[in-house]
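Numbering of ligands and ligand atoms starts at 1, following listing order.
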Amino acid sequence: MAVIAGNWKMHHGPEEVRGFFEKLDIFDVPASSELIIFPPAVSITTAVQAPDRDPRVMIGVQNVHWEALGAFTGETSSLMAAEAGATFALIGHSERRHVFGETDEETARKAAAIVAAGLTPVLCVGETLDERRAGAVDAVILRQLDAALDHLSKGSGRFLLAYEPVWAIGTGETATPADASAAHATLRGRLEEVLGVSKAARVPILYGGSVKPENAAELLAAPDVDGVLVGGASLKPESFAAIAAASG
Ligand code: PGA
């Protein structure tokens with residue numbers, strides 16, 4: 001089973017969302033693959049209610065605040081996202097960490113809120129180019145995982161990880177399948193230490209960073225890669241469908 005997720009970032013308002021689902025054809029996608037789209041918060045309800053959305057395509061929220069409600073102008077809470085019909089939530093995306101300065105501690109608080117609201121968290125981790133050059137890939141991704149792992153494994157216990165090297169996001173640079181597998185094995189090893197082997201085996205670890213129809217099949221075939229988190233190439237229904245079809 002593979003998970004194919006599309007992170008639309010700040011693209012696609014409600015009108016474009018309807019058009020996307022009108023055109024999305026997932027006929028060739030293996031029945032065992034799980035599909036998730038993360039639209040901007042203002043488009044979640046439209047995505048959930050889109051008459052042409054195949055119910056196999058689940059909807060998630062890209063970011064939440066750690067509180068359930070309150071005086072936090074401009075923020076979205078997990079509970080509200082759940083009420084709007086989202087069932088997944090991204091946390092710790094590299095743009096949240098590096099553009100908006102989110103810390104490991106804030107990411108952990110968000111993980112707790114997401115689990116409490118009954119959403120399935122997808123924790124993103126990944127190193128910058130400088131960190132990779134300094135030989136710190138494992139140290140960075142394990143630090144990011146450790147900060148949130150306690151919260152992630154509570155509740156229903158289902159959660160996903162996404163390894164997204166910062167240098168590969170939106171740059172056209174893709175990690176090699178071997179790079180992705182190595183980082184995924186590091187993450188899996190930590191999950192095994194903390195959760196035990198059988199629970200750890202049930203946590204899908206996705207790769208993200210310049211995934212496109214041309215490279216999806218080889219990344220998805222790499223050991224320990226259980227799916228992909230796609231940014232730019234998920235915006236067009238044809239390319240998202242082509243990537244999902246490669247998950248067979
Ligand atoms: P990209 O983005 O596919 O455009 O590189 C991936 C992501 O940020 O999740």
message = Under 3.5 Å between any N/O of T171 and any N/O of ligand 1: does that happen in this structure?
response = no
ask   = Strictly under 4.0 Å, does any heavy atom of G170 approach an atom of ligand 1?
value = yes
request  = Using a strict 4.0 Å cut-off to heavy atoms of H93, name the atoms of ligand 1 that fall inside it.
outcome  = 7 (C), 8 (O), 9 (O)
task = Identify whether the distance between the nearest side-chain nitrogen and carboxylate oxygen of D138 and R190 falls below 4.0 Å.
result = no
key: Contact with ligand 1 for K212, non-hydrogen, under 4.0 angstrom   = no
Salt bridge (charged side-chain N to carboxylate O under 4.0 Å, His left out) between R96 and E106, intermediate numbers included = CA-CA 10 Å; R96 299 303 318 170; E106 287 165 338; over 6 Å; no
request  = Output the distance between atom CD1 (I243) and atom OG (S33), rounded to the nearest 0.5 Å.
outcome  = 12.5 Å
request  = Specify side chain, backbone, both or neither for I169, according to which of its non-hydrogen atoms lie closer than 4.0 Å to ligand 1.
outcome  = both
ask   = How long is the gap from CZ on R202 to CG on L191, to the nearest 0.5 Å?
value = 12.0 Å
key: Intermediate values then yes/no, side-chain hydrogen bond (donor to acceptor under 3.5 Å, both in side chains), Q62 and H93   = CA-CA 8 Å; Q62 295 175 13; H93 187 274; over 6 Å; no
ask   = In terms of residue, atom name and distance, what is the protein heavy atom nearest to atom 6 (C) of ligand 1?
value = G231 N, 3.5 Å
task = For G209, counting its heavy atoms only, list the atoms of ligand 1 lying under 4.0 Å from any of them.
result = 5 (O)
query = Numbering the atoms of ligand 1 from 1, which are under 4.0 Å from a heavy atom of S210?
reply = 1 (P), 3 (O), 5 (O)
ask   = Taking non-hydrogen atoms only, is A168 closer than 4.0 angstrom to ligand 1 via side chain, backbone, both or neither?
value = backbone
task = Please report which non-hydrogen protein atom sits nearest to atom 4 (O) of ligand 1, along with the residue it belongs to and the distance in Å to one decimal place.
result = G232 N, 2.9 Å
inquiry  = Students should be able to answer this: which protein heavy-atom is nearest to atom 9 (O) of ligand 1, and at what distance?
reply    = E164 OE2, 2.7 Å
Residue of the set L24, I59, V17 for which side chain to side chain contact (heavy atoms under 4.5 Å, CB included) holds with R53 = I59
inquiry  = Using 0.5 Å steps for rounding, measure from the OG atom of S43 to the CE atom of M10.
reply    = 11.5 Å
request  = Could you list the atoms of ligand 1 found under 4.0 angstrom from a heavy atom of N7?
outcome  = 9 (O)
query = If only atom types and distance count, is the side chain of R97 paired as donor or acceptor with the main-chain N or O of C124 below 3.5 Å?
reply = yes
